[in-house]
Amino acid sequence: MTTQAKRNDVPLYIKVHEHDNVAIIVNAGGLKEGAGFSCGLELIEFIPQGHKVALRDLEQDQPIIRYGETIGYAKTVIKKGSWVKESLISMPTPPELDQLPLAGQTIEPFPPLEGYTFEGYRNQDGTVGIKNVLGITTSVQCVTGVLDYAVKKIKQELLPKYPNVHDVVALNHNYGCGVAIQAPDAVIPIRTIQNIATHPNFGGEVMVVGLGCEKLQPDRLADQDDILSLQDQQGFTAMVATIIEMAEERLERLNKRERETFPASELVVGLQCGGSDAFSGVTANPAIGYAADLLVRAGATVMFSEVTEVRDAVHLLTPRAVNEEVGRSLIKEMKWYDHYLQKGEADRSANPSPGNKKGGLANVVEKSLGSVAKSGTSPIAGVVPPGEKATQKGLLFAATPASDFVCGTLQLAAGMHLQVFATGRGTPYGLAMAPVVKVSTRNALLEQWNDLIDINAGTIATGEATIEEVGWELFHFILDVASGRKQTWADRWGISNELSLFNPAPIT
Ligand code: CA
């Protein structure tokens, strides 16, 4: 434990940008009144880990600067060395969407990264999978109980006979009936289900279990040969037997597939964060951003998301659009979401969550500035509306809510093979059909959850590793997981969250 002792011995803070007038406390457990830093700064009160210290005296209404950007204004005089609490900061208004530059930032292109490969599965439609999973789609929630019963039997009785198939996954959701299926926004949940049914990790095998009378008719999801309607069956036993029979045909075909070598450019990687803290933006997210740049340089597709967590930093993103059309698409998604939140009278202070605030994030502006760090520095090549498939390479913005489960579901619909997930407070989140690589923002989280965290970026805060080193480690880990050489902790334990559809349309 000498490293831990050493880490905690010396008071440390992280200042991100030269203009910043606040910094965050690194030391686990926080620092006491009187703690002195090498620069001469002394704390005049206790400050918890991840929370902000004033680097100089701040006048009332003076901007509070972190990441070189205004995260709020001082509500009162704040003395140098004191705790800049959430209650002392008033929130700025979000950037005006009609005044933003649409493109035009010159981004020095990095040289392409060649020679990196992974072992994947070739699909007939030209895509590549990284897992070999039987996915069983549902057209309505009514079938969930029957399908879960059948899937349990399939896993126990059939799956051991097909060792090349990793899993059988019931794609349960709460859509399909009792919904305004013609409403304009219904297109989002419908195309999400359609696109997940043909996810690249399912090897081109489609199977849909429906009821028969639902609004989302199963023929909108698959061909007749791939559909089973429970209302056509003679009782429960026959339903289960038919599901098992259909599954076995597909398991036989999936079992014959073998991994082959593909360039890293075939990968589709999704990025998100959950349970964020003040370290997210200085450790995990910049390391993820570095790995994202490496993936983009290798020709892969990388998606970042979470509209509500980039909204307040959108002025940093629109200039990175490859052209004005992409810049306009980005703004269009932001406007759609602004309207969606206004319609629901959403409260801007609902994000960050109580846990985020405990971790030192004062407001959504500070959270956003840290969140966009995971997009790296590449130009933004395209925008994917919610539920649509990503069809291009490079860095894309996939417009999704920030909710972990909804973002995960929409990134799956976009064709994500694998997700990289930054967490500071800790979450056991996982997805059944795609590996989730969890990156911790702090050493303490790795120590607490060493059987859930895959990559630790906390070493960046303590100076034990650089952003580049952790970025490369993550990049190699992604290729290993994609190749089946390594497993994420969530996959090892077999823990996952249900799909969670984004349905902005009315329920009837
Ligand atoms: Ca999230």
Side-chain angles (χ1 to χ4, degrees), residues 188 192 269-281 283-289 291-292 302-314 317 333-334 337 340-341 346-361 363-376 384 386-387 396-414 416 418-432 434-442 445 449 452-455 457 474 488 490 495-504:
I188 294 175
T192 303
V269 174
L271 312 174
Q272 78 149 318
C273 46
S276 299
D277 64 7
F279 287 103
S280 299
T283 62
N285 287 342
I288 292 172
V302 179
M303 294 180 284
F304 71 112
S305 292
E306 302 175 288
V307 172
T308 43
E309 288 177 12
V310 306
R311 175 64 181 87
D312 287 86
V314 70
L317 295 178
E333 293 298 338
M334 298 292 139
Y337 217 95
Y340 167 71
L341 291 177
D347 174 8
R348 221 162 103 75
S349 67
N351 191 354
S353 70
N356 294 154
K357 289 181 181 177
K358 211 176 160 200
L361 290 172
N363 57 36
V364 71
V365 182
E366 186 178 14
K367 191 173 176 182
S368 296
L369 291 165
S371 177
V372 298
K374 64 177 143 11
S375 69
V384 185
L396 309 179
F397 179 72
T400 79
S403 155
D404 296 351
F405 332 102
V406 181
C407 170
T409 301
L410 292 171
Q411 288 191 346
L412 287 171
M416 167 182 80
L418 173 151
Q419 194 174 51
V420 177
F421 191 100
T423 187
R425 308 292 300 165
T427 163
Y429 166 86
L431 295 167
V436 175
V437 177
K438 285 203 282 300
V439 182
S440 73
T441 69
R442 297 174 296 129
L445 180 62
W449 280 16
L452 284 168
I453 296 299
D454 299 294
I455 300 278
L474 176 58
T488 61
I495 53 171
S496 60
N497 293 88
E498 296 284 335
L499 294 181
S500 188
L501 293 173
F502 182 37
N503 178 22

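Remember, it's 1-based here, ligands and their atoms both numbered in the order they're listed.
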Next on the checklist: Once side-chain hydrogen bond (donor to acceptor under 3.5 Å, both in side chains) is applied, do any residues pair with Q272, and if so which ones, sequence neighbours excluded?
Outcome noted: Y429
Checklist outcome for this item: side chain to side chain contact (heavy atoms under 4.5 Å, CB included) filter on A413, not counting sequence neighbours, yields T192, N195, I196
Checklist entry - For the atom pair CE (M303) and CD (Q419), what is the distance rounded to the nearest 0.5 Å? => result 8.5 Å
Checklist entry - Any side-chain heavy atom of L474 within less than 4.5 Å of one from I288? => result yes
Next on the checklist: Restricting to distances shorter than 3.0 Å, give the number of protein N, O or S atoms close to the Ca ion (ligand 1).
Outcome noted: 5
Checklist entry - Excluding sequence neighbours, so at least two apart, what forms salt bridge (Lys or Arg N to Asp or Glu O under 4.0 Å) with D312? => result R348
Item to check | Short side-chain to backbone donor-acceptor contact, S305 and A398, under 3.5 Å | outcome: yes
